[in-house]
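Would you mind keeping the following structure in view while I ask a few things?
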Amino acid sequence: MSENGQETKIIELPVSITVRDLAQTLDASPIEVIKTLMANGMMANINQEIDFDTAAIVSAEMGYEALPIHEEVEEQEEAEVPLWRKKLEEEDEGQLVNRPPVVAILGHVDHGKTSLLDAIRQTSVQAGEAGGITQHIGAYQIVHEGKTITFLDTPGHAAFTAMRARGAQGADIVVLVVAADDGVMPQTEEAIAHARAAQVSMIVALNKIDKDNAAPDRVKQQLADIGIVPDDWEGDTIIVPVSAVEKIGLDDLIEAILLVADDLDILANPEGDVFGTVIEAELTKGRGVMATLLVQNGTLKVGDTVLAGTSCGRIKAMFDYTGAKIKEAGPSVPVSVMGLSDVPKAGELFSVVANEKVAREIIGQRVIAAERAEVATDSVANLEQLFARVQAGEEEELRLIIKADVQGSLEPIVTSVQDLKSGGEQDIGVKVIHAGTGNISNDDIMLASATKSIIIGFNVGSDSAAKRLADTEGISIRKYKIIYHLIEDIEKALKGMLEPVEKKILIGRAQVLAVFPSGKYDQVAGCRVETGEIRRNAKIRVLREGKIAFEGGIASLKRHKDDVNEVREGFECGIGLKGFSSFEEGDILESYVIEMVSEF
């Protein structure tokens with residue numbers, strides 16, 4: 001019904017639409033649409049993109065009520081099953097029981113993620129218990145009316161996506177925090193993209209409703225425009241008004257989490273194989289490696305031998321989120337443990353094995369597998385790899401993350417690339433995973449890693465930290481200043497016609513353990529190869545405190561005083577470089593080769 005009570009026709013429109021397509025949808029001539037736009041103060045040609053709000057105004061004046069198409073839900077791909085879920089499928093169904101849901105908090109900076117976590121914790125900690133919170137372990141639990149919820153106390157989608165990028169999925173539910181006075185911002189859309197990529201259930205916490213300039217309905221409309229339709233607008237997303245500062249709506253939010261959890265299949269076998277996810281880890285003074293582990297199946301106990309990636313060790317001590325020592329932890333329980341030999345990566349899947357000997361055998365197998373996959377990993381977004389996967393029937397699309405300087409540039413780019421196809425027997429299309437304005441950030445790199453995407457930048461830069469992370473994760477970043485060149489390159493890439501470029505392919509990494517004299521003035525480095533292999537004919541770069549101290553060729557590569565052509569992961573060697581001998585203990589040496597690849 002329209003505002004005057006007369007019946008209107010309902011149509012569904014996307015986030016943006018051309019004047020031509022809008023005219024077809026309204027069964028009107030493009031001239032009529034253009035005249036209506038002009039009457040509302042907007043000049044537009046027949047091929048110009050207009051946003052949903054503008055299209056809705058035109059539609060209303062022509063007797064239609066426009067609703068946003070919930071495209072993202074309709075187009076969602078089948079989720080890649082996290083590794084821990086695959087392991088859970090091996091458990092005896094008769095022994096599976098419900099476990100507490102694990103919740104991650106995402107949202108735009110300054111919208112109150114940390115304040116909301118703190119408010120939930122403070123209102124849920126029982127009297128006398130607050131004094132026991134002596135350390136931050138990256139996660140904590142609350143109990144509401146007899147039901148437990150685990151919160152990942154690592155607000156921000158970079159930490160959340162780091163888990164998924166390595167095959168894990170730490171959270172069952174995402175709470176998206178949006179400020180009622182600020183609305184949908186760039187990082188809000190990024191967070192939504194991360195949650196959708198992980199295919200987890202989402203609840204919106206509409207924060208700061210206590211502020212005088214709060215506009216909840218305006219924010220709900222903004223969310224609806226990007227496919228997050230509130231449940232009270234006949235959508236499927238629960239939106240809970242809250243105030244972290246005034247402690248308003250916190251019980252409603254917790255009850256919403258439990259309601260969503262009841263609809264999910266959140267199960268575990270407390271008596272089964274022990275495995276879970278590494279939330280965070282660091283090397284500390286006095287205690288050595290401290291790792292926060294989220295148990296997702298089985299019961300972890302002091303004395304168990306834990307294997308996480310290429311790190312292992314026997315648990316010497318275990319602490320809960322309050323800092324209290326405990327002897328065991330069941331499903332969905334976060335714990336901080338001592339005893340691992342090395343610092344594992346966030347997102348690694350951990351498991352319990354019989355002893356350290358078994359753990360080291362498995363690590364050896366993983367090292368060999370990692371060596372074989374090293375080049376492919378470095379080329380995660382390499383077009384040759386894409387076509388190889390297409391030929392094998394594993395890929396059907398080129399996934400892109402697009403960042404532009406302004407919205408006016410972003411919309412035509414997204415519209416243009418989404419219509420591109422390669423043609424031929426294997427018809428490869430383009431899927432835009434995320435599009436936004438601003439420079440390329442670490443969050444973009446992690447999302448690209450999690451979704452095996454390529455990053456396109458238009459008139460934007462990327463800071464040094466993002467560049468380093470892109471190198472580490474093997475993500476390709478392409479930058480353009482002319483839209484035509486951007487579209488042309490994507491077309492060529494889809495058809496396999498893009499000119500090959502020179503690319504550094506990382507093949508190995510070693511750490512300097514000791515420095516030895518060699519001759520009167522020179523020194524050689526005594527190293528342990530940590531990943532891949534060091535090759536005599538490859539190039540080397542020396543990293544010190546994250547910066548490149550030298551880049552050049554290898555003068556000598558020895559193992560047990562014998563000259564060798566290569567040294568593989570797990571072995572020690574002596575390395576001398578051409579034109580550099582100022583090694584320091586702790587330096588990282590990266591071995592790489594230069595190849596011409598058809599990279600996009």
Side-chain angles (χ1 to χ4, degrees), residues 1-76 178 180 183-186 188-189 192 196 204 206 215-237 239 402 404 406-421 429-432 434-437 483 487:
M1 299 288 286
S2 64
E3 289 183 6
N4 60 16
Q6 294 180 347
E7 187 174 346
T8 58
K9 300 175 183 177
I10 296 176
I11 58 170
E12 290 188 331
L13 297 177
V15 174
S16 63
I17 188 171
T18 64
V19 171
R20 184 195 302 274
D21 290 343
L22 178 60
Q24 290 177 350
T25 304
L26 297 174
D27 196 20
S29 74
I31 300 299
E32 287 182 81
V33 174
I34 291 172
K35 284 181 178 179
T36 306
L37 286 168
M38 289 174 64
N40 283 277
M42 180 178 178
M43 300 294 294
N45 60 49
I46 193 169
N47 294 314
Q48 187 167 329
E49 290 271 339
I50 58 175
D51 60 23
F52 172 83
D53 290 340
T54 305
I57 292 170
V58 174
S59 303
E61 295 200 9
M62 294 189 175
Y64 292 85
E65 180 184 353
L67 298 177
I69 296 175
H70 201 173
E71 291 175 327
E72 291 77 7
V73 171
E74 293 173 1
E75 295 178 0
Q76 274 185 344
V178 185
V184 173
M185 300 296 284
T188 312
E189 295 191 44
I192 291 168
R196 283 177 172 159
V204 175
L206 197 57
D217 287 340
R218 177 179 64 85
V219 179
K220 286 183 179 181
Q221 183 60 60
Q222 290 177 339
L223 289 166
D225 289 347
I226 56 175
I228 308 297
V229 184
D231 58 343
D232 55 353
W233 288 12
E234 298 185 359
D236 55 7
T237 303
I239 297 184
I402 302 175
V406 294
Q407 195 70 26
S409 301
L410 185 66
E411 290 176 359
I413 291 172
V414 171
T415 302
S416 299
V417 301
Q418 283 178 331
D419 293 335
L420 295 177
K421 295 276 186 181
V430 174
K431 181 176 179 65
V432 178
H434 173 61
T437 56
I483 292 180
I487 303 301

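Any value given below was found using the heavy atoms of this structure, including those in side chains, with hydrogens, waters and symmetry copies removed.
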For this session: State the OG1-CZ distance between Thr25 and Arg20, to the nearest 0.5 angstrom.
Result: 12.5 Å
Exercise. Pick one: which of Val204, Ile228, Ile239 meets side chain to side chain contact (heavy atoms under 4.5 Å, CB included) with Val178?
Worked result: Val204
Problem set entry | Partner residues of Asp232 under the salt bridge (charged side-chain N to carboxylate O under 4.0 Å, His left out) criterion, sequence neighbours left out | Lys220
Problem set entry | Side-chain donor or acceptor of Thr188 paired with backbone N/O of Met185 under 3.5 Å |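 Looks like yes, one N/O pair under 3.5 Å.
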For this session: Assess whether side chain to side chain contact (heavy atoms under 4.5 Å, CB included) is satisfied between Ile11 and Leu67, documenting all intermediate values.
Result: CA-CA 6 Å; Ile11 58 170; Leu67 298 177; over 6 Å; no
For this session: Would you name the heavy atoms of Ile413 and Ile487 that are closest together and state the gap between them?
Result: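 Taking every non-hydrogen atom into account, O-CD1, 4.4 Å.
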Exercise. Do you know which two heavy atoms are closest between Leu13 and Ser59, and how far apart they sit?
Worked result: CD1-OG, 3.8 Å
Exercise. Which heavy-atom pair separates Val219 from Gly183 by the least distance, and what is that distance?
Worked result: CG2-CA, 3.8 Å
Problem set entry | Spatial distance of atom CD (Glu61) from atom OG1 (Thr36) [nearest 0.5 Å] |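 It comes to 6.0 Å.
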Problem set entry | Val229 vs Leu223, side chain to side chain contact (heavy atoms under 4.5 Å, CB included): CA-CA, chis, key distance, verdict | CA-CA 6 Å; Val229 184; Leu223 289 166; over 6 Å; no
For this session: Might you point out which heavy atoms bring Ala28 and Met62 nearest each other, and give the distance in Å?
Result: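 Shortest heavy-atom separation between Ala28 and Met62 comes out as CB-SD, 4.1 Å.
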For this session: Examine the side chains of Gln221 and Asp225 and answer whether a donor and an acceptor come within less than 3.5 Å of each other.
Result: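 A pair is found: one side chain offers a donor N or O, the other an acceptor, under 3.5 Å apart.
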Exercise. Has the side chain of Glu32 got a donor or acceptor atom that lies under 3.5 Å from a matching backbone atom of Ser29?
Worked result: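 Yes; at least one donor-acceptor contact below 3.5 Å.
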Exercise. Given Tyr64 and Leu26, is the side chain to side chain contact (heavy atoms under 4.5 Å, CB included) satisfied, shown in steps?
Worked result: CA-CA 8 Å; Tyr64 292 85; Leu26 297 174; 3.5 Å; yes
For this session: Could you check Asp231 against Thr237 for side chain to side chain contact (heavy atoms under 4.5 Å, CB included), going step by step and ending with a plain yes or no?
Result: CA-CA 5 Å; Asp231 58 343; Thr237 303; over 6 Å; no
Problem set entry | Heavy-atom donor-acceptor pair, Gln222 side chain to Val184 backbone, under 3.5 Å | yes
Problem set entry | Closest approach of Ala435 to Val414 (non-hydrogen atoms, all atoms of both residues) | CB-CG2, 3.7 Å
